[in-house]
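Protein chains get the first letters and strands the later ones, always in sequence-line order, with residue 1 at the start of each.
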Amino acid sequence: MTETDLTYTTDEMMSVAAARALYDGASCFVGIGLPSTAANLARRTHAANLTLIYEAGALGAKPDRLPLSIGDGILGETADAVVSVPEVFNYWLQPGRIDVGFLGAAQLDRFANINTTVIGEYASPKVRLPGAGGAPEIAASCREVFVVVRQSRRTFVEQVDFVTSVGYGRDGTDRARLGLPGAGPTLVVTDLGIMRPDRETNELVLTGVHPGVDVERVREATGWDLRVAPDLATTPAPTATELTTLRELQAATGTDTGE
Amino acid sequence: MTETDLTYTTDEMMSVAAARALYDGASCFVGIGLPSTAANLARRTHAANLTLIYEAGALGAKPDRLPLSIGDGILGETADAVVSVPEVFNYWLQPGRIDVGFLGAAQLDRFANINTTVIGEYASPKVRLPGAGGAPEIAASCREVFVVVRQSRRTFVEQVDFVTSVGYGRDGTDRARLGLPGAGPTLVVTDLGIMRPDRETNELVLTGVHPGVDVERVREATGWDLRVAPDLATTPAPTATELTTLRELQAATGTDTGE
Amino acid sequence: MAEVVSLAEAVRSAVHDGDTLALEGFTHLIPVAAGQEIIRQRRRDLTLVRMTPDIVYDQLIGAGCARKLIFSWGGNPGVGSLHRFRDAVQNGWPAPLEVEEHSHAGMANRYVAGASGLPFAVLRGYAGTDLPGVTSTIKQITCPFTGEELAAVPALNPDVAIIHAQRADRAGNVQIWGLVGVQKEAVLASAHSIVTVEEVVDELTPVPGAIVLPSWAVTYVAEVPGGAHPSYAQGYSDRDNTYYQAWDAISRERDTFESWVSREVLV
Amino acid sequence: MAEVVSLAEAVRSAVHDGDTLALEGFTHLIPVAAGQEIIRQRRRDLTLVRMTPDIVYDQLIGAGCARKLIFSWGGNPGVGSLHRFRDAVQNGWPAPLEVEEHSHAGMANRYVAGASGLPFAVLRGYAGTDLPGVTSTIKQITCPFTGEELAAVPALNPDVAIIHAQRADRAGNVQIWGLVGVQKEAVLASAHSIVTVEEVVDELTPVPGAIVLPSWAVTYVAEVPGGAHPSYAQGYSDRDNTYYQAWDAISRERDTFESWVSREVLV
């Protein structure tokens, strides 16, 4: 047995921290890319009974490598049940059956609203992004939402240019007013640390930093005046098991995936 | 080869006449009982490419005997496709994809409205009948509707006690006003003869009598002042092939079926 | 995750007096044994939901379990009428039975709305019929794009759905094939569910035409071989057509029915 | 009944300038060959509909076939952006591209409504997002029973749906298995349809998880082995992930794209 190299990248720390947030027995609606990496890592470490749901129609997928796309054949082949795309959204997501929606973001703001539509003006965008996909209803209907995204000033902005998926709305109070069934984003995991919404205002607050990251570095990568929790935690470094499992998953896949 | 007994019952004449009305290549939404007998007879005589659709979820059923119920196993086992009950109604019936809806009736009136709900007052019925089943939407959405029913004054009434499924409405003019997609009942086949709606008024008019039946007998079995077409036809008697096929179907079934 | 328990235990835990129940099955896979267990446990005041109430509902009604029936076609398929149902509606015996009746299309869509977490469904239906006049759960709705008028029906969300299926694995994943009816929708529309199965197996080998209800969408699984009798379970049993015919005689009179219940169910 | 013809003939007969087309496929079974045949036949002014426009739509847009895109997620899955789509939206090259964008749930329900012969669908969606502000085909509707506000979206009814499937029989019945996406709904929602298949066989032997589109619901079937490449056809081929990566470089600049079209498609 070779010894695991315990040196890890910030992306590895992010995936490990995101995976840890998933609890055993949960059902998780998984976006491709970083969320899928984290969810599959969780299933292979502490959460063997995690039910992975992919929007292409796989309920309870058990891939032995990372899927390369949202409709990778391995998802259907290993699933408990394969259903049509309308059924995924109507029978499984919409009624609030799914515990955790696991999303990425191109922009994320102070109130955890997500933009994956455009940078700039909608009518004449600076950058046209892929669009909504399943995210608006995942964000609305899952019991809670985890967001995993690399942190930078370009991504973490005061106000998203476009609300593709609602976190807590433009002023943090929309969710209750809209009667959205799920609790919304309860956790944001980045390559630098961990944020959670303030219980009162729903503003994202830094509640944890990864080992070797100081608060100043996180604030520099955040486009608003980031509040820091009084009991700021430091994320435990990835364990050998976590790193080995993550690296094996990625090796089995052959290539890293990005949405 | 034994010679076919060409003596036939009025029920046999009715099934044969109803079967003849179905044209090859049509899709037919089939009620159990008399409609199913006629439709299966048609498929085994002149209309080999008749697509039989049963509401339990069988599209293109090809039973080699008469199904004993609307969800008889033989329907699913021989079908081109098996779908859920919601899908039958939403994806296949509702959009108007089906050529012919083939229905029975407990009461039928002058304007071909069908009652299968109650005899007497709804709140305190003399006879509580099975209810609507698939019929209201079959009657509304199929391109046309054929009704097959044994004729008597009890069944052929001036006004049905309850409109379960619309023919042409209480005064014969409802169908257009309601914007129903299908043309409605274009043919009624009984054990005595054949009725079709008048082109102008939509009132059912006797257009044919079966061999040996005179008009007076049909009028006696009709609860309204039945009009008779000037060019009244006499139905050709069942052929040896028709009778043999019908009897073989019923023999294979072991028992006759009524809804 | 579904718990694998005995039928008696499943009914005891999940079904309460006053509940709304949907025992679904469209000729195929009718959960008859479960219905008779409910009679045996003497549940009362039930609202029974089903597209095609047949003899198991006749039995529940005759045994005095039901207060209300929500349905679209009630009969003894291939034979004729349901005498206990008729007696309850026409004569209030053994108790008055409230009825709320729809068409199949309406009922199917009510389950779909229930399974989808929507308060209502839209369909082209009922227009020109007398059903909206007697059923308050049929309304009109206007398309916000075309102005067209359509029918709206409210979601069905029973307290408990009960179905019969061919197999489950030990984790409680349920596999159903053949004519699957509206059973998936009934289970997903309901707060809780009981699935009786022909057998519990180690692994659900794939079967053409099969659907799977994942364990986490099911409350209880109970192994009840033949639990659909006299209906059939494709791959396991054939329909007992004689029983349906015999039911006509048994159910026609109150006393023959009552002695049947005492003899065959309440034992 | 479906006619079995060549792909060129199917496109020639069914697809006209100005049509609304849905080439559907959710990562699996994407009808790429059919899309390239449309480029080859130089159709123009098309409204392209798809939940997940990927590289075949990038190709159609870059080749100047499209006037409008109705979609919910447009990207090169697993790789990144669609450069031709971006160039059309951001710079109007080779022609301005109107966009009408929804969420997946909205698009799926628009197809469901289309397949169901309804003018609209109802869902819990879009609330609080900026999408209703930029997409006029999202409205509100009130539940006539509960008073709840929900989203309404209009039916999609394309002129032609184009999908790829594993097999058809000679009568034109189509069999699809694996992740089946929204393909059935797209075909049933459309006035006409073209299904390319890996092979035409004498008989469709049952396959677990397979659905069948009956011949009478399909317009044209064309045998095009590998017609989903670079996507995959379960049971026939694997996804060509390298091609998706290569597309990023080919499509990034207008001239490399144009030489690719000349070389690989317009031949």
Quick check on D:Asp17: does its CG atom have over 12 non-hydrogen neighbours (other residues, nucleotides or ligands) under 6.0 Å away? yes
Do C:Leu150 and D:Phe120 pass the side-chain contact (heavy atoms from CB on, under 4.5 Å) test, and can you show the C-alpha distance, the side-chain angles, and the key distance before you say yes or no? CA-CA 10 Å; C:Leu150 297 124; D:Phe120 72 106; 3.7 Å; yes
Counting only non-hydrogen atoms closer than 4.5 Å, can you tell me which residues of residues 152-166 of chain C sit against chain D? C:Ala152, C:Val153, C:Pro154
Between C:Leu123, C:Thr142, C:Ile141, the one whose heavy-atom pairs under 4.5 Å with chain D are most numerous: C:Ile141
Provide the closest heavy-atom pair for D:Pro119 versus C:Arg124 in the form atom of the first, atom of the second, distance. CD-NH2, 3.7 Å
What residues of residues 220-237 of chain C make heavy-atom contacts with chain D at a cutoff under 4.5 angstrom? none
Between D:Pro144 and C:Lys139 the two heavy atoms that sit nearest each other are O-NZ, 3.4 Å
Under 3.5 Å donor-acceptor pairs involving side-chain atoms of residues 204-214 of chain C, not counting sequence neighbours:
from     : atom 1 : to       : atom 2 : distance (Å)
C:Thr205 : OG1    : C:Arg167 : NH2    : 3.2

Taking 4.5 Å as the heavy-atom cut-off, does anything in residues 103-116 of chain C contact chain D, and if so which residues? none
The interface call for C:Leu118 against chain D, heavy-atom contacts under 4.5 Å, is both
